[in-house]
There are 2 protein chains.
Amino acid sequence: MKYSKATDYALHTMLFLSVVGPDKPLGVQLLADKFQVSPTYLSKILTKLVKAGMVESASGANGGYRLKRNWESVSFLDIIHAIEGTASLFDCSLDHGPECQVQQIVLEAEAKMETHLRSQTLGELAKRSSLLFKGGQMSSDEGTV
Amino acid sequence: MKYSKATDYALHTMLFLSVVGPDKPLGVQLLADKFQVSPTYLSKILTKLVKAGMVESASGANGGYRLKRNWESVSFLDIIHAIEGTASLFDCSLDHGPECQVQQIVLEAEAKMETHLRSQTLGELAKRSSLLFKGGQMSSDEGTV
DNA sequence: ATATTATAGACTCTTAATATCTATAATTCA
DNA sequence: TGAATTATAGATATTAAGAGTCTATAATAT
Ligand code: SF4
Ligand code: SF4
């Protein structure tokens with residue numbers, strides 16, 4: 001059980017957009033360079049974020065992606081759900097009623113995780129992460145203090 | 001992101017063994033019938049549980065699988081780890097140091113989930129689940145109260 | 001008009017999960 | 001001892017999902 005790479009890219013992209021701020025849009029080309037990922041692939045991820053209502057896109061010259069007004073209240077969970085969907089970690093096809101402990105316990109555990117992910121908003125995060133994205137590409141040595 | 005079916009089978013099998021109790025071993029054939037899964041596949045899962053030290057196996061006639069002495073303290077997390085391994089939900093290859101919020105937040109969320117899964121032991125569960133496995137196969141209508 | 005940028009769909013590639021098959025080892029029992 | 005029973009292990013096949021590419025189309029600015 002792992003988070004997909006798409007989620008990884010989405011989290012990093014949103015955090016980066018938060019640090020940059022919503023003033024000028026950034027093209028997918030630039031973002032793809034930053035994270036060393038194919039532009040067409042990243043564009044699919046960004047489109048999901050657009051559809052989830054947390055990013056705005058603009059075609060044409062000087063176009064690109066920028067955060068929407070409400071960006072500060074977007075949580076990690078929002079981003080993860082936008083990419084992975086909201087399906088539960090555990091879904092059995094049967095229904096053994098309230099007697100069923102298995103499903104109940106796993107779902108409670110998942111709920112605890114989600115509560116934490118929901119409490120982490122981009123607004124708070126951006127303040128703490130301004131130093132993270134200083135260089136050109138994301139490399140392994142630039143952030144080590 | 002989903003738990004694997006193997007984990008699903010493992011949780012159900014362990015819960016079933018808990019309800020039955022460790023007195024007489026059960027063959028994989030019987031368990032596979034119960035959960036409507038191929039015996040050879042289930043046997044691989046059971047072997048993992050044996051190696052994790054939570055189940056005992058015996059070859060030969062009247063052999064099979066039974067819980068070990070300490071079974072009451074085995075947690076959901078133990079079972080999940082036995083099947084899925086203990087790797088983190090999120091592993092980036094880079095290391096941007098303490099500045100990195102992404103990894104830290106996701107790992108904290110995972111820790112909350114694990115804390116809950118660790119708190120649920122088979123001993124407690126077995127008491128509450130005795131009615132669940134009454135019939136032959138697990139079907140969708142037998143448990144609905 | 002042309003260049004630029006996002007969007008969408010079809011498509012391929014890769015990997016992991018799922019499942020099967022067969023052979024072997026351990027144990028019981030007659 | 002020998003046959004039946006049961007777990008273990010390895011090789012292999014099948015399926016499904018994730019990751020990534022390619023190309024065509026739509027929207028926008030200059
Ligand atoms: S015990 Fe719960 S999780 Fe398992 S099959 Fe029944 S309803 Fe599903
Ligand atoms: S910001 Fe954190 S999670 Fe992202 S690449 Fe750097 S160390 Fe990894």
Side-chain angles (χ1 to χ4, degrees), chain A residues 1-13 17 24-68 80 82-85 87 89-93, chain B residues 1-13 17 24-68 80 82-85 87 89-93:
Chain A
M1 191 175 63
K2 283 242 169 260
Y3 279 112
S4 66
K5 303 202 80 174
T7 293
D8 181 331
Y9 296 143
L11 289 173
H12 281 84
T13 301
L17 291 177
K24 58 176 187 300
L26 301 180
V28 71
Q29 190 66 53
L30 182 148
L31 293 166
D33 283 352
K34 191 81 187 171
F35 302 119
Q36 306 268 272
V37 57
S38 130
T40 37
Y41 186 42
L42 186 58
S43 83
K44 286 196 188 307
I45 293 165
L46 279 159
T47 299
K48 281 192 179 180
L49 298 175
V50 169
K51 291 199 170 146
M54 48 185 76
V55 167
E56 245 173 3
S57 66
S59 287
N62 306 324
Y65 299 92
R66 71 171 81 195
L67 295 175
K68 294 192 77 165
I80 292 172
I83 304 299
E84 309 235 346
L89 286 188
F90 190 85
D91 52 349
C92 93
S93 49
Chain B
M1 190 175 64
K2 282 243 170 261
Y3 279 113
S4 67
K5 304 200 80 175
T7 294
D8 182 329
Y9 297 142
L11 289 173
H12 281 84
T13 301
L17 291 177
K24 56 175 189 299
L26 300 180
V28 72
Q29 190 65 53
L30 182 149
L31 294 165
D33 283 352
K34 191 83 187 170
F35 301 119
Q36 306 269 272
V37 57
S38 132
T40 37
Y41 186 44
L42 186 59
S43 84
K44 286 198 186 309
I45 293 165
L46 279 159
T47 299
K48 280 192 180 181
L49 298 176
V50 169
K51 291 197 171 148
M54 49 186 76
V55 167
E56 244 173 4
S57 67
S59 287
N62 306 323
Y65 299 92
R66 72 171 78 194
L67 295 174
K68 294 192 78 166
I80 292 171
I83 304 299
E84 308 234 347
L89 286 187
F90 189 86
D91 53 349
C92 94
S93 49

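Remember, predicted model here, so these are calculated numbers, not experimental data. Chain A is the first sequence line, chain B the second, and so forth, proteins listed ahead of strands; every chain is numbered from 1. All values below were derived from every heavy atom in this structure, side-chain atoms included, with hydrogens, water molecules and symmetry-related copies excluded.
Relative to the side chain of Y65(A), the nucleotides dT30(D), dA6(C), dT18(C) differ in distance, and dA6(C) lies closest. Minimum atom distance to the side chain of S38(A) is reached by dT21(D), of the listed dT7(C), dT21(D), dT8(D). If you check dA26(C), dT5(D), dT5(C) against the side chain of S59(A), the one that comes closest is dT5(C). Considering only side-chain atoms of V28(B), the nucleotide from dA9(D), dA7(D), dT23(D) that sits closest is dA7(D).
For the pair R66(B) CZ and dT27(C) C1', the interatomic distance rounds to 14 Å; values are reported in whole Å. Taking atom CG of residue D8(A) and atom C1' of nucleotide dG18(D), one finds them 14 Å apart after rounding to whole Å. The nearest whole Å value for the distance from the CG atom in L42(B) to the P atom in dA19(C) is 11 Å. Counting to the nearest Å, the P atom of dA7(D) and the CG atom of L30(B) are 10 Å from each other. Computed from coordinates, the L46(A) CG to dA8(C) P distance equals 13 Å when rounded to whole Å. Spacing between atom NZ of K51(B) and atom C1' of dT8(D) amounts to 8 Å, rounded to whole angstrom units. Between the CG atom of L31(A) and the C1' atom of dA6(C) there is a distance of 13 Å, rounded to whole Å. Whole-Å rounding puts the Y41(A) OH to dG20(D) P distance at 5 Å.
For K44(A) and dG9(C), a side-chain-to-base donor-acceptor distance below 3.5 Å is present, hydrogens and geometry of angles not being considered.
Here the closest heavy-atom approach between residue A32(B) and residue L42(B) is recorded as N-CD2, 3.6 Å. Of all heavy-atom pairs between S43(B) and T40(B), the closest is OG-O, 2.8 Å.
To the nearest 0.5 Å, atoms CG (L46(B)) and OG (S57(B)) are separated by 9.0 Å. Residue I83(A) holds its CD1 atom at 4.5 Å from CG of L49(A), rounded to the nearest 0.5 Å.
S4(B) comes within 4.0 angstrom of sugar-phosphate atoms only, judged by non-hydrogen atoms across all strands, and of no base. Nucleic acid contact for T47(B): sugar-phosphate only, since backbone atoms but no base atoms lie under 4.0 Å from a heavy atom of the residue. Contacts of Y3(A) with the nucleic acid, taken as non-hydrogen atoms under 4.0 Å apart, are absent.
Between S57(A) and the phosphate of dT7(C), there is a side-chain N or O to OP1/OP2 separation shorter than 4.0 Å. Applying the 4.0 Å criterion to OP1 and OP2 of dT5(C), one finds that N62(A) has every side-chain N and O outside that range.
Nearer the 5' end of DNA chain D, as judged by each residue's closest nucleotide, is the contact made by T7(A), out of T7(A) and G60(A).
Side-chain atoms of E84(B) come within 3.5 Å of backbone N or O of S4(B) as a donor-acceptor pair.
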